[in-house]
Chemist: 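Have a look at this one before I ask anything.
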Amino acid sequence: MNRKELLVKSLPELDRMPPRQVSQYLDANIEHEVIDCVNWREEFPYKPYCSFVVAVSTTRLFVFFSVISKDLRAVHTSDMSPVAEDSCVEFFMKVPEQDEYWNFEFNCIGALNASHRVERNNPTRLSPGELASIERYSSCGSEPIDEQEGTFCWDIVVSIPLRLVGLDGDSLPDYVTGNFYKCGSKTAHPHYVSWSAIDGEKPDFHRPDCFGKLWLRKPEPIIEEQPIKQNLQPKGLKKLLRKIFGK
């Protein structure tokens, strides 16, 4: 099975922006990748629209998710709660020289479940201080949401300190591996969708062998870096909404 690859943009200017401005900047300046692999189609056929942008500054790793989906659910409000049951997006990653991989799971109001581990059944949970170091800004706010029916548009930007995952912004490796997910196990339309495809009989995101490659340095000739266009024309969720509603 072919694993996906992408080039992570280096944007030192993100360190000077608050999270809300980061989300607008990434949406305006970088093409989105789409999360569209329905790996367990027979049992879980629903595929919401979900895209993401990933970038790195000198100190942090940023991921911006855009979602258009049936149902909206955020009953878990505290960190380290089972947010994957809610309207949820996730980012897993592994540094090649490390034995462990990292999982970061966010519901639509920014509640976070995060760990690092060698294998699924033996996680090391993040401490309160480590959880607090991960910044989040969601268009849904931070209040709980009992499940609502309909079609909903939302986005969330998160930033993870590079030092937390064992990376040095002044000496980054050529690449890390990772995957991006959209899920909601207890929503009215349960779904488990990934960016890089996963092979297996049942839903399981804890598959570092299925991670794609995230280049931190421009590889040649695998990926050609495109210059960032300094404009404010949205390329992600807002552009799609304008096509749909004509606004």
Side-chain angles (χ1 to χ4, degrees), residues 6-23 25-26 30 33 52-65 76-84 88-138 142 155-181 183 194-196 205-208 210-217:
L6 63 81
L7 178 63
V8 177
K9 294 288 187 180
S10 178
L11 302 175
E13 62 269 30
L14 295 179
D15 281 335
R16 302 188 297 272
M17 300 180 188
R20 183 171 184 174
Q21 186 179 355
V22 168
S23 68
Y25 189 85
L26 293 177
I30 303 181
E33 296 282 332
F52 69 92
V53 168
V54 60
V56 66
S57 70
T58 55
T59 61
R60 305 181 76 89
L61 179 69
F62 297 82
V63 187
F64 171 71
F65 293 92
H76 298 291
T77 59
S78 60
D79 286 347
M80 302 311 295
S81 57
V83 297
C88 182
V89 290
E90 304 185 3
F91 168 55
F92 286 29
M93 66 165 289
K94 184 178 186 299
V95 179
E97 294 182 356
Q98 297 179 4
D99 293 329
E100 295 184 313
Y101 66 93
W102 297 74
N103 62 287
F104 300 95
E105 308 169 12
F106 306 87
N107 69 7
C108 62
I109 59 171
L112 166 63
N113 189 348
S115 307
H116 51 98
R117 65 191 83 196
V118 174
E119 56 185 10
R120 177 171 187 151
N121 293 328
N122 293 291
T124 299
R125 308 295 185 187
L126 267 63
S127 69
E130 290 171 329
L131 292 166
S133 73
I134 299 170
E135 297 182 347
R136 309 150 231 175
Y137 172 77
S138 172
S142 58
D155 56 60
I156 184 171
V157 63
V158 304
S159 73
I160 302 164
L162 293 174
R163 65 179 182 274
L164 176 64
V165 295
L167 292 175
D168 179 355
D170 294 324
S171 182
L172 292 172
D174 288 344
Y175 68 90
V176 297
T177 60
N179 212 343
F180 303 82
Y181 310 109
C183 64
S194 66
W195 169 64
S196 191
F205 288 165
H206 292 261
R207 292 287 305 277
C210 297
F211 287 0
K213 186 173 286 188
L214 312 179
W215 291 96
L216 302 176
R217 302 177 187 273

Chemist: Sub-3.5 Å donor-acceptor pair from the side chain of Arg217 to the main-chain atoms of Leu172, do we have one?
Modeler: yes
Chemist: Taking atom CZ of Arg120 as the centre, does the number of heavy atoms from other residues, nucleotides or ligands within less than 6.0 Å exceed 12?
Modeler: yes
Chemist: Taking all heavy atoms of Phe62 and all of Ser57, pick out the closest pair and write down the distance.
Modeler: CE1-OG, 3.5 Å
Chemist: Looking only at side-chain N and O atoms, does Thr59 offer a donor or acceptor that is under 3.5 Å from a partner on Asp15?
Modeler: yes
Chemist: Take Glu100 and Thr124 through the test side-chain contact (heavy atoms from CB on, under 4.5 Å) and record every step on the way to the result.
Modeler: CA-CA 10 Å; Glu100 295 184 313; Thr124 299; 4.3 Å; yes
Chemist: With a 4.5 Å limit on heavy-atom distance, are the side chains of Pro18 and Arg20 in contact?
Modeler: no
Chemist: Should Leu126 and Asp79 count as side-chain neighbours, where that means a heavy-atom distance under 4.5 Å?
Modeler: no
Chemist: Glu90 and Cys183: which non-hydrogen atoms are nearest, and at how many Å?
Modeler: OE2-SG, 3.2 Å
Chemist: Search all heavy atoms of Thr58 against all heavy atoms of Pro12 and return the closest pair with its distance.
Modeler: CG2-CB, 4.1 Å
Chemist: Please check if the side chain of Arg136 supplies one atom and the backbone of Ile134 the other of a donor-acceptor pair under 3.5 Å.
Modeler: yes
Chemist: Measuring only between side-chain heavy atoms, which start at C-beta, is Ser138 closer than 4.5 Å to Asp155?
Modeler: no
Chemist: Indicate yes or no: at least one non-hydrogen side-chain atom of Glu135 is less than 4.5 angstrom from one of Arg60.
Modeler: yes
Chemist: Out of curiosity, Ser115 OG to Glu130 CD, how far, rounded to the nearest 0.5 Å?
Modeler: 10.0 Å
Chemist: Of all the heavy-atom pairs spanning Lys94 and Val176, show the shortest one and how long it is.
Modeler: O-CB, 3.5 Å
Chemist: May I ask you to decide if the ring planes of Phe92 and His206 are parallel, tilted or perpendicular, using 30° and 60° as cut-offs?
Modeler: perpendicular
Chemist: Between Asn179 and Arg207, does the side-chain hydrogen bond (donor to acceptor under 3.5 Å, both in side chains) criterion hold? Intermediate values first, please.
Modeler: CA-CA 9 Å; Asn179 212 343; Arg207 292 287 305 277; over 6 Å; no
Chemist: Starting at CD of Glu105, measure out to OH of Tyr181 and round the result to the nearest 0.5 Å.
Modeler: 9.5 Å
Chemist: Taking C-beta and beyond as the side chain, do Pro173 and Leu216 meet within less than 4.5 Å on heavy atoms?
Modeler: yes
Chemist: Would you say Leu6 and Phe52 make side-chain contact, with heavy atoms under 4.5 Å?
Modeler: yes
Chemist: Once you round to the nearest 0.5 Å, how far does OG of Ser196 lie from CZ of Phe180?
Modeler: 10.0 Å
Chemist: Does the side chain of Arg117 reach to within under 4.5 Å of the side chain of Asn103, using non-hydrogen atoms?
Modeler: yes
Chemist: Taking the side chain as every heavy atom from C-beta outward, state whether Leu11 and Ile30 have any atom pair closer than 4.5 Å.
Modeler: yes
Chemist: If you count heavy atoms of other groups shown closer than 6.0 angstrom to OH of Tyr137, is the number above 12?
Modeler: yes
Chemist: Between Trp195 and Lys213, which heavy-atom pair has the shortest distance, and what is it?
Modeler: CH2-O, 4.4 Å
Chemist: To the nearest 0.5 Å, tell me how far Asn122 CG sits from His116 NE2.
Modeler: 12.5 Å
Chemist: In Å, rounded to the nearest 0.5 Å, how long is the span from OG of Ser78 to CG of Leu112?
Modeler: 10.5 Å
Chemist: Give me the atom names and distance for the closest heavy-atom approach of Pro82 to Asn113.
Modeler: CA-ND2, 4.4 Å
Chemist: After noting the C-alpha distance and the side-chain angles of Val22 and Ser159, does the key distance pass the side-chain contact (heavy atoms from CB on, under 4.5 Å) rule?
Modeler: CA-CA 10 Å; Val22 168; Ser159 73; over 6 Å; no
Chemist: Take Leu61 and Leu162 through the side-chain contact (heavy atoms from CB on, under 4.5 Å) test and state the conclusion after the steps.
Modeler: CA-CA 6 Å; Leu61 179 69; Leu162 293 174; 4.1 Å; yes
Chemist: Roughly how far apart are Met80 CE and Ser127 OG, rounded to 0.5 Å?
Modeler: 10.0 Å
Chemist: Could you walk me through whether Tyr25 and Leu14 pass the side-chain contact (heavy atoms from CB on, under 4.5 Å) test, one step at a time?
Modeler: CA-CA 9 Å; Tyr25 189 85; Leu14 295 179; 3.8 Å; yes
Chemist: On the 0 to 90° scale, with breaks at 30° and 60°, tag the Phe104-Phe91 ring pair as parallel, tilted or perpendicular.
Modeler: parallel
